[in-house]
Amino acid sequence: MYGRQLYDLLVDELNVIRYSENGTLILGVILQSDINRTAMQLLGRIAEAIIVRNCHNNIIINQEYFSIARQKRAKEKTARKFYALGTGLNYTKINYPKHYNPSDTQRDIVWTNDVGELAIMKNQDRYSTTSAKIAGLQIKATKNGIKYVLPDIIQGRYDVPIIYFDIENDYHKILAKVYKDTNVDIEYDIIHPNAIDPRGYEEFLHYVDLVYAMVDGKLHPADLVIGADKSDDILMKNALLSTTLSNINKPNRILI
């Protein structure tokens, strides 16, 4: 079940699984010298796709993440007017191209309404359209948050809240470390997805070993779903072929 769900995310939202010219399935990612960094980057994008998909499918989840992004509790009627967009996801690229920005270092997820206006943050004192900041979320996923997430928090790198998918259950260790060193409570600056969407977090955890196996070359993309690379699976081949053709002339990726 999780293999097929992961396959769909990698094809439809991340566009990193497609057919090569010789008709075989390939995983296209930038291969880092450290396999952990490659896997973590891909898992971070997967976490982004899970949040966006579940915001689209569940108004309560959307309202909760939307409220976190705005740093102000949003009413349900307000949250219903805004849709989550992953700044690096294929859906955004196709449907909201002006909001597609995979190189955005601040916001992995933003919210837009029917007329294409982005949601903005609100403070408790005064609202100003000239100084308003775009509401959004930064998504992190790693096995070692103390090494890879904590420094960003200490340096105040992000203007928006972080949703941290901890793989080794070190979320509370980060909170405790910061509080011990600075006496500052960062509970509202870095949020665990389990508090908002437990099923989404559980789904993510099921993907970890699969992603590591694919990046390490031990698992082929076709292994995620039975029949995905068979010649009689016309619909699947046509869908992937369309995706491949739509990305001709895009920057080359290292294929593994």
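When reading the values below, keep in mind they use all heavy atoms of this one structure, side chains included, and skip hydrogens, waters and symmetry mates.
Among residues two or more places apart in sequence or in another chain, the salt bridge (Lys or Arg N to Asp or Glu O under 4.0 Å) test is passed with Glu117 by none. For Asn57, the side-chain contact (heavy atoms from CB on, under 4.5 Å) test picks out Arg53, with sequence neighbours left out. Among residues two or more places apart in sequence or in another chain, the salt bridge (Lys or Arg N to Asp or Glu O under 4.0 Å) test is passed with Arg37 by none. Take Lys218 and apply the salt bridge (Lys or Arg N to Asp or Glu O under 4.0 Å) test, not counting sequence neighbours, and it matches Asp216.
Atom CG in Asp104 sits 11.5 Å away from atom CD1 in Ile109 (nearest 0.5 Å). We find the OG1-OH distance between Thr112 and Tyr96 to be 6.0 Å, quoted to the nearest 0.5 Å. Between atom CD of residue Glu64 and atom CG of residue Asn58 there is a gap of 10.0 Å, rounded to the nearest 0.5 Å. Atom CD1 of Ile139 is separated from atom CD1 of Ile163 by 5.5 Å, given to the nearest 0.5 angstrom.
For the pair Phe204/Ile167, a side-chain contact is recorded, criterion being any heavy-atom separation below 4.5 Å from C-beta on. Residues Leu27 and Val16 are in side-chain contact: their nearest non-hydrogen atoms beyond the backbone lie under 4.5 Å apart. Within the 4.5 Å cutoff, the side chain of Leu224 has heavy atoms near those of the Leu219 side chain. Side-chain contact between Leu89 and Leu14 is present, with heavy atoms from C-beta onward closer than 4.5 Å. At least one side-chain heavy atom of Ile46 sits under 4.5 Å from a side-chain heavy atom of Leu10. For the pair Val160 and Leu137, the minimum side-chain heavy-atom distance is 4.5 Å or more. Contact annotation: the side chain of Lys93 never approaches that of Glu13 to less than 4.5 Å [non-hydrogen atoms, C-beta and beyond]. Looking only at side-chain heavy atoms (C-beta outward), Glu202 and His206 come within less than 4.5 Å of each other.
With hydrogens and angles left out, the side-chain atoms of Asn90 and Asn15 include no donor and acceptor closer than 3.5 Å. Residues Tyr212 and Asn36 bring a donor and an acceptor atom of their side chains to less than 3.5 Å of each other.
Geometrically, Lys140 does not engage Tyr158 in a cation-pi contact, judged by NZ or CZ lying under 6.0 Å from the ring centre and within 45° of the ring axis.
Sorted by first and then second residue, the ring pair (Phe, Tyr, Trp, His ring centres under 6.0 Å) pairs involving residues 49-70 (not counting sequence neighbours) are His56-Tyr91, Phe66-Phe82, Phe66-Trp111.
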Report all side-chain donor-acceptor pairs from residues 170-178 shorter than 3.5 Å, counting only partners two or more places apart or in another chain.
from	atom 1	to	atom 2	distance (Å)
Asp170	OD1	Tyr164	OH	2.7
Asp170	OD2	Gly145	N	2.7
Asp170	OD2	Tyr164	OH	3.4
Tyr171	OH	Ile190	O	2.8
Lys177	NZ	Asp181	OD2	3.3

Between Asn144 and Glu168, does a side-chain contact (heavy atoms from CB on, under 4.5 Å) hold up when you go through it step by step? CA-CA 7 Å; Asn144 190 340; Glu168 297 293 343; over 6 Å; no
Kindly indicate, with the supporting measurements, whether the criterion side-chain contact (heavy atoms from CB on, under 4.5 Å) is fulfilled by Ile186 and Tyr179. CA-CA 8 Å; Ile186 61 167; Tyr179 189 79; over 6 Å; no
Walk me through whether Ile68 and Ile196 qualify under side-chain contact (heavy atoms from CB on, under 4.5 Å). CA-CA 10 Å; Ile68 293 170; Ile196 311 299; 3.7 Å; yes
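Judged by distance alone, with hydrogens and angles left aside, the side-chain atoms of Thr87 form a donor-acceptor pair with the main-chain N or O of Arg107 at under 3.5 Å. Between the side chain of Arg18 and the backbone N or O of Val11, no donor-acceptor pair lies under 3.5 Å. Side-chain atoms of Gln138 do not come within 3.5 Å of backbone N or O of Ile162 as any donor-acceptor pair. Although no hydrogens or angles enter the test, the distance criterion places a donor-acceptor pair under 3.5 Å between the side chain of Ser67 and the main chain of Ala74. Of the possible polar contacts, none joining the Gln71 side chain to the Met121 backbone as a donor-acceptor pair under 3.5 Å is found. Checked by atom type and distance alone, the side chain of His220 pairs as donor or acceptor with a backbone atom of Leu25 at under 3.5 Å. Side-chain atoms of Asp108 never come within 3.5 Å of backbone atoms of Glu48 as a donor-acceptor pair (strictly under, hydrogens ignored).
No more than 12 heavy atoms of other residues, nucleotides or ligands shown are found within 6.0 angstrom of CZ on Arg199.
Ring geometry, Tyr201 versus His192: the interplanar angle exceeds 60°, so the pair is classed perpendicular (tilted spans 30 to 60°).
Of all heavy-atom pairs spanning Ile17 and Pro221, the tightest one is CD1-CB, 3.8 Å. Closest approach of Gly86 and Thr92 over heavy atoms only: O-OG1, 2.7 Å.
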